[in-house]
Asks: 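Please find one structure pasted underneath; my questions will follow.
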Amino acid sequence: MALSPINQRRWQQFKRNKRGYWSLWIFAVLFVFCLGAEFIANDKPLVVSYEGDWHFPIFTFYPETHFGGDLETETNFKDPYVVDLIEPKGWMLWPLVKHSYNTHNYFLPDPAPSAPTADNLLGTDDQARDVFARLIYGLRISILFGLALTLLCSCIGIFVGALQGFFGGKVDLIGQRIIEIWSGLPSLYLLIILSSIVEPNFFWLLAIMVLFSWMTLVGVVRAEFLRGRNFEYVKAARALGVSPWVIMWRHVLPNAMVATLTLMPFVLTGGITSLTALDFLGLGLPADQASLGEMLRQGKENLHAPWLAFTSFTVLSVILSLLVFIGEAVRDAFDPRKTLAMES
């Protein structure tokens with residue numbers, strides 16, 4: 001679908017910001033790389049050929065008896081006994097890293113946490129788990145969490161801000177008072193209380209964070225709708241009897257989305273930072289789940305293993321910097337002064 005002339009100018013303006021443009025490409029490559037974490041770091045082979053049949057352990061459960069073993073439990077393909085059963089009758093294709101995020105390496109050259117080796121590219125943590133594997137799994141969870149949080153908060157914030165700004169009056173007054181009360185609630189204390197009642201997981205944390213983060217875009221959208229409802233074409237549409245919901249969706253919302261889109265990369269940055277902080281404090285994802293915050297806590301608790309803190313801090317800094325650069329480029333792209341300057 002071809003872009004409209006104004007969106008073409010915005011895209012050109014975005015590309016002129018080289019730092020933001022290349023940050024978008026680097027972030028996209030890293031995100032796609034992390035999405036395929038199971039195919040990059042896993043303690044199961046990608047493909048197993050046994051007696052002429054192909055097997056895919058990543059997708060299917062195979063008991064050890066399937067390969068001539070004695071146990072009905074899931075096959076441990078790294079077990080030398082299983083390797084001796086398979087190799088005479090087939091072969092195994094392994095991923096780049098033969099460890100998953102929760103794999104404990106019992107054959108370390110030094111006590112855990114051990115320094116980087118050929119088997120553990122970035123070393124291991126204090127539970128003998130591969131740092132590189134936990135890094136890409138944890139980065140995937142952080143980005144997906146941030147994207148989901150940004151999408152849900154944007155939908156709720158845009159809807160509430162649109163109602164307040166377009167209808168005004170008592171709707172706006174009551175909405176502002178509710179937001180003031182809700183934003184004053186101590187979200188951290190509520191997280192502590194809830195974590196003592198239920199075990200936090202991805203969806204629990206997402207739901208709680210959405211409850212206290214949807215107000216981020218309300219003020220911006222409300223201001224745009226307050227301004228947009230007084231435009232002449234909006235008044236004309238009202239005079240013609242067009243439904244308020246149609247006017248909001250078709251005529252006012254496109255203008256409000258300009259300011260909203262410029263803030264979304266920063267909302268995504270805040271979502272990733274929030275999850276990292278909760279994991280660092282021990283209030284986030286389960287302890288056995290890979291996360292950047294848990295890796296930072298590992299670095300704090302194991303100062304004699306500098307690769308733990310250096311790895312997590314570097315990756316987190318790079319990801320947040322890329323998102324900030326993308327946000328700056330989006331802001332410049334939607335700035336009418338810079339867009340119009342391209343035409344002159």
Side-chain angles (χ1 to χ4, degrees), residues 23 26-27 30-31 33-34 37 40-43 78 95-146 186-189 191-192 194-196 199-202 204-205 208-209 268-325:
S23 295
I26 295 173
F27 178 79
L30 290 175
F31 183 44
F33 180 78
C34 292
I40 299 170
N42 209 318
D43 55 2
K78 299 176 68 175
L96 175 65
V97 178
K98 295 183 179 180
H99 306 284
S100 186
Y101 68 91
N102 57 356
T103 303
H104 299 274
N105 191 347
Y106 298 104
F107 304 99
L108 296 175
D110 301 306
S114 63
T117 62
D119 187 36
N120 303 107
L121 301 178
L122 296 177
T124 64
D125 60 10
D126 58 7
Q127 298 185 39
R129 298 173 299 190
D130 186 76
V131 173
F132 180 78
R134 293 186 64 79
L135 177 65
I136 58 177
Y137 280 90
L139 184 58
R140 180 176 65 179
I141 289 180
S142 297
I143 296 177
L144 290 176
F145 183 89
S187 57
L188 181 59
Y189 291 153
L191 280 171
I192 296 175
L194 290 173
S195 63
S196 63
E199 182 180 0
N201 55 37
F202 182 92
W204 263 106
L205 289 175
I208 295 172
M209 291 300 298
L268 175 57
T269 302
I272 295 176
T273 305
S274 298
L275 179 63
T276 302
L278 291 174
D279 290 335
F280 180 80
L281 296 173
L283 302 174
L285 298 171
D288 61 338
Q289 184 66 56
S291 69
L292 297 179
E294 192 271 342
M295 293 179 64
L296 283 174
R297 189 171 74 248
Q298 286 260 353
K300 180 182 75 71
E301 296 173 351
N302 298 277
L303 297 178
H304 60 285
W307 56 87
L308 294 174
F310 177 78
T311 300
S312 54
F313 174 78
T314 301
V315 171
L316 189 61
S317 301
V318 169
I319 291 298
L320 296 181
S321 298
L322 292 176
L323 290 174
V324 170
F325 294 154

Asks: Nearest 0.5 Å, what's the CG-CD distance between D126 and Q298?
Replies: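 Rounded to the nearest 0.5 Å, the CG-CD separation comes out at 4.0 Å.
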Asks: Taking the side chain as C-beta and beyond, is there a heavy-atom pair between N120 and V131 under 4.5 Å?
Replies: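 Contact flag for N120/V131 side chains = no.
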Asks: If every non-hydrogen atom of N105 is compared with every non-hydrogen atom of H99, which pair is closest and at what distance?
Replies: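 Here N105 and H99 meet closest at ND2-CE1, 3.6 Å.
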Asks: Is a side-chain donor or acceptor of S291 paired with a backbone partner of E294 at a separation under 3.5 angstrom?
Replies: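 Checked: pair present.
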Asks: Can you name the ring-ring contact (aromatic ring centres under 6.0 Å, His included) partners of F33, sequence neighbours left out?
Replies: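 So F33 forms no ring-ring contact (aromatic ring centres under 6.0 Å, His included) with any residue.
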Asks: If you look at every heavy atom in A305 and P113, which pair is closest and at what distance?
Replies: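 Answer, listing the atom of A305 first, then P113: CB-CG, 3.7 Å.
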Asks: How close do L135 and L292 get, heavy atom to heavy atom, and via which atoms?
Replies: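 Closest approach of L135 to L292: CD1-CD2, 4.0 Å.
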Asks: Is the backbone of A41 close enough, under 3.5 Å, to the side chain of Y137 for a donor and an acceptor to pair up by distance?
Replies: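 Yes, Y137 side chain to A41 backbone: donor-acceptor pair under 3.5 Å.
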Asks: Is there a side-chain contact between L275 and I141 (heavy atoms, below 4.5 Å)?
Replies: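 L275 reaches I141 side chain to side chain.
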Asks: Would you say the side chain of L121 lies within less than 4.5 Å of the side chain of V97, judging by non-hydrogen atoms?
Replies: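 Counting from C-beta outward, V97 and L121 do come under 4.5 Å.
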Asks: Kindly determine whether L323 and I272 satisfy side chain to side chain contact (heavy atoms under 4.5 Å, CB included), including the steps that lead there.
Replies: CA-CA 10 Å; L323 290 174; I272 295 176; 3.7 Å; yes
Asks: For S114, does its backbone N or O pair with a side-chain atom of T124 as donor and acceptor, under 3.5 Å?
Replies: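 A pair under 3.5 Å: yes.
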Asks: Which value, rounded to the nearest 0.5 Å, describes the distance between N42 atom CG and L96 atom CG?
Replies: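 Interatomic distance, N42 CG to L96 CG, rounded to 0.5 Å: 12.0 Å.
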Asks: How far does CE of M295 sit from CG of L122, to the nearest 0.5 angstrom?
Replies: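 Those atoms lie 7.5 Å apart.
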Asks: Show the nearest heavy-atom pair for residues I319 and L30, with the distance to one decimal.
Replies: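 Scanning both residues completely, I find the closest heavy atoms to be CD1-CD1, 3.8 Å.
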Asks: Taking the side chain as every heavy atom from C-beta outward, state whether Q289 and Y101 have any pair of such atoms under 4.5 Å apart.
Replies: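 The answer is yes; the side chains approach within 4.5 Å.
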Asks: So, for L296 and S312, which heavy atoms are closest and what is the spacing to 0.1 Å?
Replies: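 Closest approach of L296 to S312: CD2-OG, 3.2 Å.
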Asks: In Å, rounded to the nearest 0.5 Å, how long is the span from CG of L316 to OG of S321?
Replies: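 Going from the CG atom of L316 to the OG atom of S321 covers 9.0 Å.
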Asks: Could you check if a side-chain atom of Q127 sits within less than 4.5 angstrom of a side-chain atom of R134, using non-hydrogen atoms only?
Replies: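 In short, these two side chains do not touch, never coming nearer than 4.5 Å.
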Asks: Sub-3.5 Å donor-acceptor pair from the side chain of K78 to the main-chain atoms of K98, do we have one?
Replies: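 A pair under 3.5 Å: yes.
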Asks: Closest approach of I40 and F132, non-hydrogen atoms and distance?
Replies: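 Nearest heavy atoms, I40 then F132: CG2-CE2, 4.2 Å.
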Asks: Which is it for L144 and F31 under the side chain to side chain contact (heavy atoms under 4.5 Å, CB included) test, yes or no, and what are the steps along the way?
Replies: CA-CA 9 Å; L144 290 176; F31 183 44; 3.8 Å; yes
Asks: Return the CG to CG distance between L285 and L205, rounded to the nearest 0.5 Å.
Replies: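 Nearest 0.5 Å value for the CG-CG distance: 5.5 Å.
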